[in-house]
Trainee: 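Have a look at the structure that comes next, please.
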Amino acid sequence: MQAFSRRVRAAGERVGLVPTMGNLHEGHLSLLRLARARCERVVASIFVNPTQFGPDEDYAAYPRTLAADLAALAAVGCDVAFVPEARELYPRGGGGGDDVTVKLAWGQDRLCAARRPGHFDGVLTVVARLFNAVLPDAAWFGQKDAQQALMVRRMTEALRFPVEVRLGPTVREPDGLALSSRNAYLSPTERREATALSRALAAAGAALRSGERDPERLAAAGREVLAAAAGLTTEYFAVVDPETLAPPAAVGDGLLLMAGAARLGRARLIDNQVHRVAGEAVHDALLF
Ligand code: AMP
């Protein structure tokens with residue numbers, strides 16, 4: 001993998017990486033198209049990373065669909081599918097006392113990190129190893145996982161990886177549900193209720209556009225929609241400053257992140273919307 005990237009760079013070309021856990025959908029493929037537009041060579045990694053799953057989470061059940069994934073990668077013009085074995089990324093087993101884990105203090109007691117202890121340590125640890133294995137010039141992440149993207153960017157800066165971290169917008173089903181491999185866990189009834197998360201974000205966004213600037217009232221507008229959804233348990237719905245992941249005292253000009261997580265049947269769903277506020281005006285935005 002490294003020899004490939006070194007050859008590409010020696011020829012004056014760029015390598016773009018899209019890290020995934022497989023079970024590829026249009027969200028992943030949109031990131032690959034963004035990578036292809038900026039890099040002559042594009043690598044997709046497929047690795048269901050054990051260290052980012054909690055003991056009671058869905059590591060064993062996570063959908064593994066390698067043959068279909070490889071066909072989708074070929075169709076989108078991806079040059080390399082990098083599909084390492086766990087022992088290749090974790091020669092010491094991962095997480096043991098003689099191993100190295102990347103921990104970022106920033107963001108730890110916020111949003112998903114507060115509900116999934118150790119999750120982002122696993123994410124950052126595997127991203128660091130993937131960067132070293134693939135040696136990309138740039139890597140693309142989805143805004144769907146907003147906290148992950150922000151933490152990966154901070155880790156990349158802190159460890160001085162020579163990798164440009166880039167973001168792609170969230171790809172959604174026609175009814176608003178953000179695409180996710182975990183949507184496969186939903187029964188037909190749950191699938192209908194799952195739109196509550198994007199509807200909650202829409203309600204909070206509408207309140208923002210109509211002039212509401214109190215973060216707690218904005219969050220309440222979203223929570224109300226989630227509370228009305230049968231079978232869905234809200235983990236959090238928060239309106240935060242992306243610099244701190246904490247609610248701002250008052251919403252001012254700049255970026256505002258609205259993010260929610262909910263349990264529905266076997267699935268844990270997350271979604272978010274980023275707004276750029278400029279006086280009265282409110283626009284959809286990317287975090288970076
Ligand atoms: P995963 O395979 O779920 O770990 O996701 C791999 C990458 O795809 C991450 O950077 C995700 O943020 C991104 N991603 C997942 N779902 C979506 C989506 N619906 N839209 C855009 N990007 C996504």
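Counting starts at 1 for both ligands and their atoms, following the listed order.
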Trainee: Could you tell me which atoms of ligand 1, counted from 1 in the order shown, lie closer than 4.0 angstrom to a heavy atom of Pro169?
Mentor: 20 (N), 21 (C)
Trainee: Does a donor on one side chain sit under 3.5 Å from an acceptor on the other, for Asn49 and Tyr62?
Mentor: no
Trainee: Here's a test for you: under salt bridge (charged side-chain N to carboxylate O under 4.0 Å, His left out), which of Arg223, Arg116, Arg268 qualifies with Glu235?
Mentor: Arg268
Trainee: Would you say the side-chain atoms of Tyr185 and Asp58 include a donor-acceptor pair closer than 3.5 Å?
Mentor: yes
Trainee: Please work out which of Met21, Arg182, His25, His28 has its closest non-hydrogen atom nearest to atom 17 (C) of ligand 1.
Mentor: His25
Trainee: Got more than 12 heavy atoms from elsewhere within 6.0 Å of CD, Glu224?
Mentor: no
Trainee: Looking only at protein heavy atoms, identify the closest one to atom 20 (N) of ligand 1 and say how far it is in Å.
Mentor: Val171 N, 2.9 Å
Trainee: State the atoms of ligand 1, each with its element, that fall below the 4.0 Å cut-off from a heavy-atom position in Phe141.
Mentor: 10 (O)
Trainee: Which of the atoms in ligand 1, numbered in the order shown and given with their element, are less than 4.0 Å from a heavy-atom of Gln148?
Mentor: 9 (C), 10 (O)
Trainee: Distance under 4.0 Å to a non-hydrogen atom of Thr20: what atoms of ligand 1 satisfy this?
Mentor: 2 (O), 6 (C)
Trainee: Do Asn132 and Gln2 meet the criterion of a side-chain donor-acceptor pair at a distance under 3.5 Å?
Mentor: no
Trainee: Under 4.0 Å from any heavy atom of Leu179, which atoms of ligand 1 are there?
Mentor: 16 (N), 17 (C), 18 (C), 19 (N)
Trainee: How far is atom 6 (C) of ligand 1 from its nearest protein heavy atom, and which residue and atom name does that atom have?
Mentor: Pro19 O, 3.3 Å
Trainee: Using a 4.0 Å cutoff against the non-hydrogen atoms of Thr170, which atoms of ligand 1 qualify?
Mentor: 20 (N), 21 (C)
